[in-house]
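All remarks here apply to the structure that follows.
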Amino acid sequence: MAETIVKIENLVKRYKDLIALDHLNLEIKQGEVFGLLGPNGSGKSTTINCLLSLLTFDKGSIEIFGKKMAPDNYEAKRNIGIIMQNVAVFDELTVIENIDYFCGLYIKDKSERKKCVQDAIEFTELQDFIHFYPKKLSGGLLRRLNIACGIAHKPKLIILDEPTVAVDPQSRNKILEGIQKLNEEGATIIYTSHYMEEVEQICTRIAIMDKGKKIAEGTKDELKKMIKNTETVSVEISEIPDDILEKLSTLPHVYSTDFNNGKLEVKCSGGKHNLIRILNVLQESDLHFGRVFSELPTLNDVFLEITGKALRDSD
Amino acid sequence: MQVFKAFLKISKKNIPMALIYVGLFLVLLAFFVDSNAENNSFEAERLSVSVIDMDNTDASRALTEFIGQKHDLVEIENDKDIILDALYYEKIDYVLNINRGYSEKISNGSTDGLFTNYKIPDSYTGVFIDNLVNQYVSTLSAYLAGGNSFDEALTKTEDLLSKELPVTVQSFSHDETETEDYSKKMMYYFQYMAYIIMSVLITILSKVIVTVNRKEVRSRTNCSCITVASQTAQIILGSAVVVAVIWVIFILAAFIMNGGTFTDKCLLAVFNSFVFTVVSAGIALLIAALAPKSDSINVISNIVALGMSFLCGVFVNQSLLGESVLSAARFLPAYWYIRANNMLSGLSEEVFNINSFMSFVGIEAIFAAALFAIIILIYKVKHNAQ
């Protein structure tokens, strides 16, 4: 069984009357890409800050690498890499100077550091920009520099707090690929985001948070199994009579039908051939329809079903 | 020493901005030293004089020519209104009307009614030309009375009054202030140094502190293996090195300007500047602790450095400042720095006294201590708030 890298028990953090973290429990194993998913203000960053001892907390305990985490637990800190939501680099230093500076906070030996810096530059593909100042870099390159500064010392645990905010799709994919590569090289990853697609794409296990509480945890398949919905069929159609809509709702496994703005949405729970049965009803009724989509449930559906609101609506 | 090295690297990046202040300092210094420099040369002023010769004789023409040698002759119409207008608009300084019968009267030894004149009442230009004409007439009369012929008397008068004696001006003011070991140049150097040291330190030190204390960077550093105590110690060391280097550069420049020597009062001025540099470092650190953004520091630097310099007598002598301004300035460290500097140079009424001098410097040191105490308090409050 994989070693536990992070263990959070009954963590409570209050800001006066606001409860930012409400008895949070998490256990992250070695080699995982653990996703913390939740809307803005759900407590993801507060969890990370408590984890890193940047914030004190009111109750509970945090263990990293089997030892209690505290501001002076430098042994644990040595093996943690942090990539913040906001780019944390010096505008006055070049790309290579920045990476060297942050790597130097962990590695004293000059030759070892030089190699680590070089590896980080290659990993983030910043070779052509090493003498550039951060202000001269594009948003995507800046994010890559931010990552390089966080991973140059080759940490065993890498915490990424919304690293893709305001990043173009191409750079976002590069960042996500990089994270997976780091994981393949042996690093345990904690990844916070409010983008469910990213979390679905890279995380092996996910905890969904809302209002400081963990509302669900598991692999993406486990999470999707927690909810009723197994398939959503969407059909573009100009008009649909009420009796047909009624007929659709009586089909086996269908538990919800909705028609809005020329789009018919039928939600199914379990069963096979749901799409064929729905289309048959429409054809028998001589209704003309446009594009048809059959979607498996997303983490947004999970969040929606548990909290009654969509992830994006909560932002 | 990673934080320390980065501190110095970032400090270096702010040098170009600091150089602008140094350039400004040198211009200011050159301007003030030059405008206050002793003028040892003397040259008589040439006025615009109109002579209306009603006598039109050799004697009257000789007088006109004599005046023309000393001043600029301006032709003017013999019309009272025109003359008064010209005087009013300062086109001319004096109008001398040589009355008819001048030559005859002077040959007979009479000096009454020789001239009528127009001049600006109570003006020094009027007195100046009056004296010149009186001197001429007196000399000419004396030669004539001595038995010289008219032509001889005219020639001798002209020769005598044309002689120019070498004039050397020792000093127009404060000649008692300059001492061999503390020249005026040094006095102004150390006076304006108050402004420049504040500007440069705020520009460099405040910016670097704000940069290394930026929330995101600080968080990342706090997550690393480096202890908070080590971080703080390295930042303090970096600040001390930056302050020391800047002060040494200015003192070295003063040393070179002073001909490679510092003695007595100059050494006291150096000591005074050192204490004030520590105060300025305190001001810079306080601004860094309070400044919201690095971008706002240049504006704050100008407000603080210029404001304090004007209030405390860096640009304008303290003796010229109003009592209310000086009362307010007493609560600012630059006031005591300038007062100590003025005492060294003798620019103020205060006679140099080492005890008084040290008490002024001591007050500066108290300001420094107070500033550092406030800075520590602010960081403690910030730390607790986090």
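Reminder, nothing fancy here: chain letters follow the sequence lines and each chain counts from 1.
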Query raised in the report: Are there more than 12 heavy atoms of other residues, nucleotides or ligands under 6.0 Å from atom CD of A/Glu75?
Result: no

Report task. Could you tell me which portion of B/Thr221 (side chain, backbone, both or neither) has an atom closer than 4.5 angstrom to a non-hydrogen atom of chain A? Result -> both

Query raised in the report: Taking side chain as C-beta onward, heavy atoms only, is B/Lys5 less than 4.5 Å from A/Glu97?
Result: no

Report task. Report yes or no: does B/Arg220 contribute a side-chain atom to a donor-acceptor pair with the main-chain N or O of A/Ile82 at less than 3.5 Å? Result -> yes

Query raised in the report: Among A/Val89, A/Ile80, A/Asp72, who wins on heavy-atom pairs under 4.5 Å with chain B?
Result: A/Val89

Report task. Drop me the distance from B/Ser219's OG to A/Asp161's CG, to the nearest 0.5 angstrom. Result -> 10.5 Å

Query - Any side-chain donor near an acceptor of the partner, A/Asn86 and B/Arg214, under 3.5 Å - result: no

Query raised in the report: B/Thr227, B/Val212, B/Asn14: which one forms the most heavy-atom pairs within less than 4.5 Å of chain A?
Result: B/Thr227

Query raised in the report: For A/Asn146, is it the side chain, the backbone, both, or neither that has a heavy atom closer than 4.5 Å to a heavy atom of chain B?
Result: both

Query raised in the report: Taking the side chain as C-beta and beyond, is there a heavy-atom pair between A/Leu93 and B/Lys9 under 4.5 Å?
Result: yes

Requested in this report: Supply the atom-to-atom distance A/Ile48 CD1 to B/Cys223 SG, rounded to the nearest 0.5 angstrom.
Outcome: 10.0 Å

Report task. Mark yes when over 12 heavy atoms from residues, nucleotides or ligands other than B/Lys13 sit less than 6.0 Å from its NZ; otherwise mark no. Result -> yes

**Report entry** Between A/Ser53, A/Pro71, A/Gly104, the one whose heavy-atom pairs under 4.5 Å with chain B are most numerous
**Finding:** A/Gly104

Query raised in the report: Does the A/Lys77 side chain pair with the main chain of B/Ile226, one donor and one acceptor, at a distance under 3.5 Å?
Result: no

Report task. Begin from the C-alpha positions of B/Val3 and A/Leu105 and carry the test side-chain contact (heavy atoms from CB on, under 4.5 Å) through to its verdict. Result -> CA-CA 8 Å; B/Val3 178; A/Leu105 297 176; 4.2 Å; yes

Query raised in the report: Using non-hydrogen atoms only, which part of A/Asp100 is less than 4.5 Å away from chain B: side chain, backbone, both, or neither?
Result: both

Query raised in the report: Under a 4.5 Å heavy-atom cut-off, does chain B meet the side chain of A/Tyr15, its backbone, both or neither?
Result: neither

Query raised in the report: For A/Ile159, is it the side chain, the backbone, both or neither that has a heavy atom under 4.5 Å from a heavy atom of chain B?
Result: neither

Query raised in the report: Within the side chain of A/Glu92, is there an N or O that forms a donor-acceptor pair under 3.5 Å with the backbone of B/Val208?
Result: no

Report task. Would you indicate whether B/Phe274, at its atom CZ, is surrounded by more than 12 heavy atoms from other residues, nucleotides or ligands within a distance under 6.0 Å? Result -> no

Query raised in the report: Roughly how far apart are A/Asp91 CG and B/Thr211 OG1, rounded to 0.5 Å?
Result: 8.0 Å

Query - Any side-chain heavy-atom pair of A/Tyr106 and B/Gln2 under 4.5 Å - result: no

Report task. Would you name the heavy atoms of A/Phe90 and B/Val217 that are closest together and state the gap between them? Result -> CZ-CG1, 3.3 Å

Report summary line: Closest heavy-atom pair, B/Cys225 versus A/Tyr74, reported as atoms and distance to 0.1 Å, is O-CD2, 3.1 Å

